[in-house]
Amino acid sequence: MTNVFAPALSFLLQESGGGRLSLAWDKVQHPDLAKFLVIGALLFIIGVAGVLTRRNIIVIFMSVELILNAANLNFIAFSRYLQDTGNPNALAGQVFTVFIIVVAAAEAAIGLGIVIALYRNKETIWMDEIDLLKW
Amino acid sequence: MTLSGWEAVFCWVFSIAAILAGLLTVMARNAVHSALFLISTLLSVAALFILLGAEFIAGVQILVYVGGVMVLFLFVIMLVNVGAEERGATNIFNNSRQVGAGLIFCFLLVFGLLYAVGAGWQGLEERDKRKGVEAIAEQRLAQQQELATAATGTSKITTATERVGGSLYRYASLPFEIASVLLLVAIIGSVMLARTLKQEAAVDDVPREVLKEETQHEPELAEVVENEREVPPEKKK
């Protein structure tokens, strides 16, 4: 059964004698703080790209949620790093993340309320058609 | 801090899933598909939180984001009309000049952030070496081995969640109260914003001239307005 996946997973698995496959721990890149920061940065940039390029205001809100989640991931990664380096106040990152989630929920509720009010008045959810303040 | 063994494998699986689903969130044509991809991103990030030892935050993420915020998003998507987008009749992205400028900015941001992470990480590693952090980490690992084993037999029961809860009510108690006020403001604000004209007219919250004009478009409003006219004399009593 494991042999079926062997070619695709050859970077993960290796022969360990007796024809059995086992995980190649040495070959797998071990994720450390820097890897998590890179993942967070990529999620953040995807979110920024969504905010800058999409026309649908609801998808723009979703991209903002992506950005907030990237920040959360950074906070949690740093919290774990500080825990492992023996910082007594390491859990502050997790506490801060709770507040970010609260703010994100409040922002989504208000933002979607605005979207509904806007849709009633202007019959559009396209960002480029919402230009009341432009002169 | 280094994840190893199966943790490393799952970490890569979930981070690739998070990034792919994030890309699809931004690129999906249908807003409902976007929302579903965003849900899978949020779940993958929650899995990363668990791998990083933040089980409480992972639970909050799933309950609040996936269970609350995303359901709100799906409701709003179904309230507004996105038919043209689904049929492919309209462009889902801004005009090409805006998209070009946005993407150039994003590429610059990629290089900037990756450079910053690399440079910062080098500095951090040097500082850790000077402080002898590895010895501390080994000490912590030894301490963790002494903790009670969880029911699965593979992980240890930690007190991290307990300490998060403790700090929420100790040194973070003022922000905690402010957050509750913020949520109250959000509730009241979204209820106010999402009222229909009829509901606004019923509580006499619309100027007379606007109401008169709107009544010509919507005959239903007239009933509300007439009901309202009967109310003031009662109020005087």
Side-chain angles (χ1 to χ4, degrees), chain A residues 12 23 25 28 30-34 37-39 41-43 45-46 48-50 52-56 58-59 61-63 65-66 69 72-73 76-77 79-81 83-86 91-92 94-95 97-99 101-106 108-110 112-117 119-120 125 128, chain B residues 1-5 8-9 11 15 18-19 22-23 25-26 31 34-35 38 41-42 45 48-49 52-54 57 60 64 68-69 72-73 76-77 79-80 85 92-94 99 102 106 109-110 113-114 117 121 133 136-137 140 160 163-164 167-168 172 175 179 182-183 186 189-190 193-194:
Chain A
L12 289 178
L23 277 173
W25 301 133
V28 178
H30 284 184
D32 49 16
L33 177 63
L37 294 187
V38 169
I39 295 160
L42 288 178
L43 278 178
I45 288 160
I46 291 168
V48 170
L52 289 177
T53 59
R54 285 299 296 247
R55 283 178 74 212
N56 189 332
I58 297 172
V59 179
F61 270 118
M62 291 189 214
S63 306
E65 303 292 328
L66 261 184
N69 243 275
N72 283 349
L73 187 59
I76 297 291
S79 166
R80 170 70 187 266
Y81 170 78
Q83 273 178 52
D84 284 359
T85 49
L91 285 173
Q94 293 191 23
V95 174
T97 307
V98 174
F99 290 122
I101 291 177
V102 168
V103 170
I110 293 285
L112 293 173
I114 292 174
V115 170
I116 289 180
Y119 186 72
R120 285 219 186 92
I125 50 164
D128 48 358
Chain B
M1 155 207 161
T2 314
L3 302 185
S4 54
V9 178
C11 170
S15 38
I19 288 168
L23 270 177
T25 307
V26 172
S34 275
L38 183 57
T41 307
L42 296 176
V45 173
L48 289 179
F49 287 171
L52 285 169
I57 306 296
V60 168
V64 174
V69 174
L72 197 66
F73 269 105
V76 172
I77 290 168
L79 280 176
V80 301
E85 193 179 26
I92 58 167
F93 293 110
N94 280 323
V99 172
C106 286
L109 209 58
V110 169
L113 282 178
L114 292 187
V117 167
W121 176 240
V133 156
I136 301 174
R140 263 189 58 84
R163 279 161 58 212
V164 170
S167 15
L168 264 179
L182 180 75
L183 282 177
S190 48
L193 283 168

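Because the structure is predicted, anything quoted here is derived from the model rather than measured.
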Main-chain N/O of A54(B) paired with R80(A) side-chain donor or acceptor, under 3.5 Å: no

Per-residue contact mode, L109(B) against chain A (heavy atom under 4.5 angstrom): both

Top of A179(B), G68(B), S34(B), A160(B) for chain A proximity - count of heavy-atom pairs under 4.5 angstrom: S34(B)

Nearest heavy-atom neighbours spanning F49(B) and I76(A): CE2-CG1, 3.7 Å

Aromatic F93(B) / basic R55(A) pairing, under 6.0 angstrom, 45° off normal: no

Side chain / backbone / both / neither for I116(A) at chain B, heavy atoms under 4.5 Å: side chain

Min side-chain heavy-atom separation L73(A)-L48(B) under 4.5 Å: yes

Exercise: identify the closest heavy-atom pair between V95(A) and A172(B): CG1-CB, 3.7 Å

V26(B) vs V59(A) side-chain heavy atoms within contact, under 4.5 Å: no

Spatial distance of atom CG (L114(B)) from atom CD1 (I45(A)) [nearest 0.5 Å]: 6.5 Å

Separation between CG of L38(B) and CG of N69(A), rounded to the nearest 0.5 Å: 7.5 Å

For chain A, the option from L23(B), L168(B), V76(B) that forms the most heavy-atom pairs under 4.5 Å: V76(B)

Which portion of C11(B) sits near chain A, non-hydrogen atoms under 4.5 angstrom: side chain

Largest heavy-atom contact set with chain A, pairs under 4.5 Å, which of L72(B), V99(B), I57(B), L182(B): I57(B)

Nearest heavy atoms of A41(A) and L113(B), plus distance in Å: CB-CD1, 3.9 Å

Leading residue by heavy atom contact count with chain A [cutoff under 4.5 Å; candidates V110(B), V60(B), T25(B)]: V110(B)

L42(A), part contacting chain B, at a heavy-atom distance under 4.5 Å: side chain

For the student: nearest non-hydrogen atoms of L183(B) and A106(A), plus distance: CD2-CB, 4.3 Å

Most contacts with chain B, counted as non-hydrogen pairs under 4.5 angstrom, among I39(A), L52(A), L112(A): L112(A)

Greatest number of heavy atom pairs closer than 4.5 Å to chain B - which of T97(A), I101(A), V102(A), V103(A): I101(A)

Part of I19(B) within contact of chain A (heavy atom distance under 4.5 Å): both

Among S63(A), A34(A), A117(A), A92(A), residue most engaged with chain B (heavy-atom pairs, under 4.5 Å): A34(A)

Sub-4.5 Å side-chain heavy-atom contact between V45(B) and N72(A): no

Shortest non-hydrogen contact from A105(A) toward V64(B): CB-CG1, 4.2 Å

